[in-house]
Amino acid sequence: MFKLTPPLGWNTWNTFGEKINEQLILDAADEMVRFGLKDCGYEYIVIDDCWAMKERDENGKLVADPAKFPNGMKALSDAIHAKGLKFGMYSCAGTLTCAGYPASYDYEFIDAATFAEWGVDFLKYDYCFHTPLIKAKYLYRRMGAALANCGREILFSACSWGIDETQKWIKTTGASMWRSTTDIFDSWSFIKKLTAQQKELHPYNGVGCFNDMDMLVVGMGGRGNVGKESGCTFEEYRSHFSIWCMMGSPLMIGCDIRSMNEETGSILMNRDAIAIDQDPSCNQPYRITDCRYPDEDVLIYARLLTNGDYAIGVFNMGDAEHSADFLLDEIGLPISCGKTLLMRDVWSGKEEMPKNNTVSVRVKAHDCRLWRCKVV
Ligand code: GLA
């Protein structure tokens, strides 16, 4: 399935792990609509690992666990579609999923047909328990072929964590997104680590197949399956979201949206940030001033947007307050062009302009600035 902008949705894994069931999914879907997330573009409700019985049926088909999903997956998918949302499920290229449930190795076509029967719109495809005898690219091509021939449009979301230089072959599989990082956990150190893992991968992100930096931990507050101690602060979650948007990652919410507070909503539903993520050109984000700030503490990124605007972000990944400045020359606006920027802060709404072609800011530890800028 060809996707023009990064997919947006919600996934069970970060908060619920194996503790999933039909009612939870339906409540999350209702909340997605009620809270306004759907209006902001979030559309996929994705059940991650742990939904199946440990054995296939006599025809080799996967079976949804009736204790968790008493009405079966087709009924659940119908209910989700009736709310105007799309339905996602999960399998794996190995013999078992990462949590030890049956997976799709050598059952690719049977499973793709089952997902089509159930009305699935999105398949996350993991990489645990895979045979060492067959390279990742062949295993992902198998499911890519099965999905492309299953009679239903199903978005293929590959999750091999960048192994075997995934970026070099993933577009041969028909995947619309691919995990370009290891797994996220709800702490600043993981946000910093995953951001750094993207460094060499930006050129591979673009229309049709997106670098997936993993599900968001915004709003988790240290609770749930990938929760860690106290989680992150508001500023850290805001930086996390800003980085994922600047880098054009799919945005899959991972917190418990049934109990989401206004603060979390203010991050996840910032339409200006989402518009940067969803910018139709999907131009490559690039780092500027990396010579001046060679370590990974101060990251300054820019991205040219469809209407000629720029997204610019200063991310202080370090543990101390930092000042940062950059010249507009680096984004293609030398003094000689007679142009400057009208910069609107995505988080405060305030407008500012550079002085002498230079933007100069101080940013607190783990905080960020993100602007949408007009060339004036
Ligand atoms: C892997 C994936 C995670 C999640 C779990 C489920 O670790 O990377 O995103 O799907 O498996 O077991």
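Start at 1 and go down the list; that is how both ligands and their atoms are numbered.
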**Q** For atom 9 (O) of ligand 1, what is the closest protein heavy atom, and at what distance to 0.1 Å?
**A** Lys124 NZ, 2.8 Å

**Q** Quick check on ring pair (Phe, Tyr, Trp, His ring centres under 6.0 Å): which of Tyr301, Tyr286, Phe210 does His202 satisfy it with?
**A** Tyr301

**Q** Going by the order shown, which atoms of ligand 1 are within less than 4.0 Å of some heavy atom of Cys98?
**A** 1 (C), 11 (O), 12 (O)

**Q** Mind checking whether Asp126 contacts ligand 1 via backbone (N, CA, C, O), side chain (CB onward), both or neither, at a 4.0 Å heavy-atom cut-off?
**A** side chain

**Q** Using a strict threshold of under 4.0 Å (side-chain N to carboxylate O), is an ion pair present between Asp183 and Arg179?
**A** yes

**Q** Using a strict threshold of under 4.0 Å (side-chain N to carboxylate O), is an ion pair present between Glu31 and Arg258?
**A** no

**Q** Would you mind checking if Glu236 and Lys228 are paired as a salt bridge, meaning a charged N to carboxylate O distance below 4.0 Å?
**A** no

**Q** So does Lys124 pair up with Asp48, basic N to acidic O under 4.0 Å?
**A** yes

**Q** Show the atoms of ligand 1 that are less than 4.0 angstrom away from any heavy atom in Trp161.
**A** 2 (C), 8 (O)

**Q** For the residue pair Thr114 and Asp111, confirm or rule out a side-chain donor-acceptor distance under 3.5 Å.
**A** no

**Q** Salt bridge check: are Lys192 and Asp297 linked by an N-O gap of less than 4.0 Å?
**A** yes

**Q** So which heavy atom in the protein is nearest atom 12 (O) of ligand 1, and how far is it from that ligand atom?
**A** Asp49 OD2, 2.7 Å

**Q** Does Tyr127 come within less than 4.0 Å of ligand 1, judged by its heavy atoms?
**A** no

**Q** If you count the atoms of ligand 1 from 1 in the order shown, which ones are under 4.0 Å from a heavy atom of Ala99?
**A** 12 (O)

**Q** Looking at Asn357 and Pro354, what are the two nearest heavy atoms and their distance?
**A** C-CB, 4.4 Å

**Q** Does ligand 1 have an atom that lies less than 4.0 angstrom from a heavy atom of Asp183?
**A** yes

**Q** Using a 4.0 Å cut-off to any heavy atom of Arg179, which atoms of ligand 1 qualify?
**A** 8 (O), 9 (O)

**Q** What do we get for Cys50 next to ligand 1 when only non-hydrogen atoms under 4.0 Å count, side chain, backbone, both or neither?
**A** neither

**Q** Identify, by atom number and element, the atoms of ligand 1 in contact range of Asp48, meaning under 4.0 Å from any of its heavy atoms.
**A** 4 (C), 6 (C), 10 (O)

